[in-house]
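Please read the structure below before turning to the comments.
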Amino acid sequence: QVQGLVESGGGSVQPGGSLGLFCTVSGYTSDIIYMGWFRQAPGSEREGVASISLFNGAKFYADSAKGRFTLSRDNTEGSMYLQMSSLKPEDTATYYCAATTRRFVGILYALQPDMYTLWGQGTQVTVSS
């Protein structure tokens, strides 16, 4: 049984800069089907950024993340990493790591926050000059 998710690596950066976010998973991870990164800016709904299927390794990116963000996972440690480059002020948000044991069609639902059942506490990313 998955016990918890912990994010790290957030911070402040100037526009055009880069940041990396880490997510570590504690507990039994074999039941996890999808893991993902989501973000929420003040006054906005939580939105999907990138996710990965642990079944076949398929990755899914939001249009806003394509070409700038890269998601990777360490299968042996159960951790997940999001490399963010060419950051923009609109990327400013609290970023959350999430996981789910639900099975669904990834291309349809992998970036939908409602499909995820386990969440970290979040880490702040601020992009500002």
Side-chain angles (χ1 to χ4, degrees):
Q1 182 178 359
V2 179
Q3 296 177 342
L5 305 175
V6 178
E7 305 97 337
S8 62
S12 297
V13 66
Q14 293 186 340
S18 300
L19 277 176
L21 302 181
F22 291 91
C23 174
T24 56
V25 184
S26 61
Y28 189 66
T29 62
S30 295
D31 292 337
I32 296 175
I33 305 298
Y34 290 89
M35 292 186 68
W37 286 99
F38 297 78
R39 68 186 183 187
Q40 188 167 18
S44 300
E45 293 185 353
R46 191 168 297 188
E47 62 179 6
V49 176
S51 64
I52 183 170
S53 165
L54 274 58
F55 175 70
N56 59 15
K59 299 177 184 179
F60 308 90
Y61 292 94
D63 288 344
S64 60
K66 290 177 181 177
R68 300 189 300 128
F69 296 0
T70 302
L71 178 66
S72 60
R73 185 177 182 272
D74 184 327
N75 290 330
T76 58
E77 296 184 357
S79 60
M80 185 172 61
Y81 180 69
L82 184 69
Q83 175 63 43
M84 303 185 294
S85 303
S86 301
L87 284 162
K88 306 174 182 179
E90 51 264 45
D91 294 318
T92 296
T94 301
Y95 283 69
Y96 298 90
C97 174
T100 184
T101 58
R102 294 177 177 173
R103 297 178 182 270
F104 47 77
V105 178
I107 195 170
L108 296 178
Y109 301 110
L111 295 177
Q112 297 296 321
D114 290 348
M115 302 305 290
Y116 289 75
T117 56
L118 187 65
W119 293 85
Q121 293 298 309
T123 184
Q124 180 66 34
V125 171
T126 302
V127 185
S128 174
S129 56

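For the single chain, residues carry numbers from 1 onward in sequence order.
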Closest heavy-atom contact between [X] and [Y]?
X	Y	answer
A50	L82	CB-CD1, 4.2 Å
M35	C97	CE-SG, 4.1 Å
V49	A65	O-CB, 3.7 Å
A99	L5	N-CD1, 3.7 Å
S86	S18	N-OG, 4.4 Å
D31	T101	O-CG2, 3.2 Å

How long is the gap from [atom1] on [X] to [atom2] on [Y], to the nearest 0.5 Å?
X	Y	atom1	atom2	result
T70	Q83	OG1	CD	7.0 Å
D74	F22	CG	CZ	10.5 Å
I52	I32	CD1	CD1	11.5 Å
F69	L87	CZ	CG	5.0 Å
L71	M80	CG	CE	6.0 Å
F104	I33	CZ	CD1	9.0 Å

Keeping the roles fixed (side chain from Q121, backbone from E7), state whether a donor-acceptor pair exists under 3.5 Å.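 Not confirmed, Q121 side chain does not pair with E7 backbone.
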Any donor-acceptor pair under 3.5 Å linking the side chain of S51 with the backbone of G36?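 Answer holds: no.
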Which residues pass the salt bridge (charged side-chain N to carboxylate O under 4.0 Å, His left out) test with R68, sequence neighbours left out?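 Checked R68 against salt bridge (charged side-chain N to carboxylate O under 4.0 Å, His left out); matches are D91.
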For D63, give me all partners under salt bridge (charged side-chain N to carboxylate O under 4.0 Å, His left out), at least two apart in sequence or on another chain.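 D63 satisfies salt bridge (charged side-chain N to carboxylate O under 4.0 Å, His left out) with K66 only.
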Would a 4.5 Å heavy-atom cut-off, applied to side chains only, mark P15 and P89 as touching?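 They are in contact (side-chain heavy atoms under 4.5 Å apart), so the answer is yes.
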Transitive ILVMFWY side-chain link [X] to [Y], under 4.5 Å:
X	Y	result
Y61	Y81	no
Y95	V13	yes
V25	L21	yes

If you draw a 6.0 Å radius around CZ in R102, do more than 12 non-hydrogen atoms from other residues or ligands fall strictly inside?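 Enclosed.
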All N/O donor-acceptor pairs, side-chain side in residues 108-117, below 3.5 Å, sequence neighbours left out:
unit_1, atom_1, unit_2, atom_2, d
Y116, OH, A110, O, 2.6

Do any pairs count as a salt bridge (charged side-chain N to carboxylate O under 4.0 Å, His left out) and have a residue in residues 41-61, sequence neighbours left out, and if so which ones?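 Those involving residues 41-61 are R39-E47.
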Taking only residues two or more places apart in sequence, or in another chain, which ones meet S79 in a side chain to side chain donor-acceptor pair (under 3.5 Å)?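 Side chain to side chain donor-acceptor pair (under 3.5 Å) list for S79, sorted by chain: empty.
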Is the Y34 ring parallel, tilted or perpendicular to the F60 ring (thresholds 30°, 60°)?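 Aromatic pair Y34/F60 classed tilted.
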Not counting sequence neighbours, which residues clear side-chain contact (heavy atoms from CB on, under 4.5 Å) with N56? List them please.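 If we apply the side-chain contact (heavy atoms from CB on, under 4.5 Å) test to N56, skipping adjacent residues, the hits are S53, A58.
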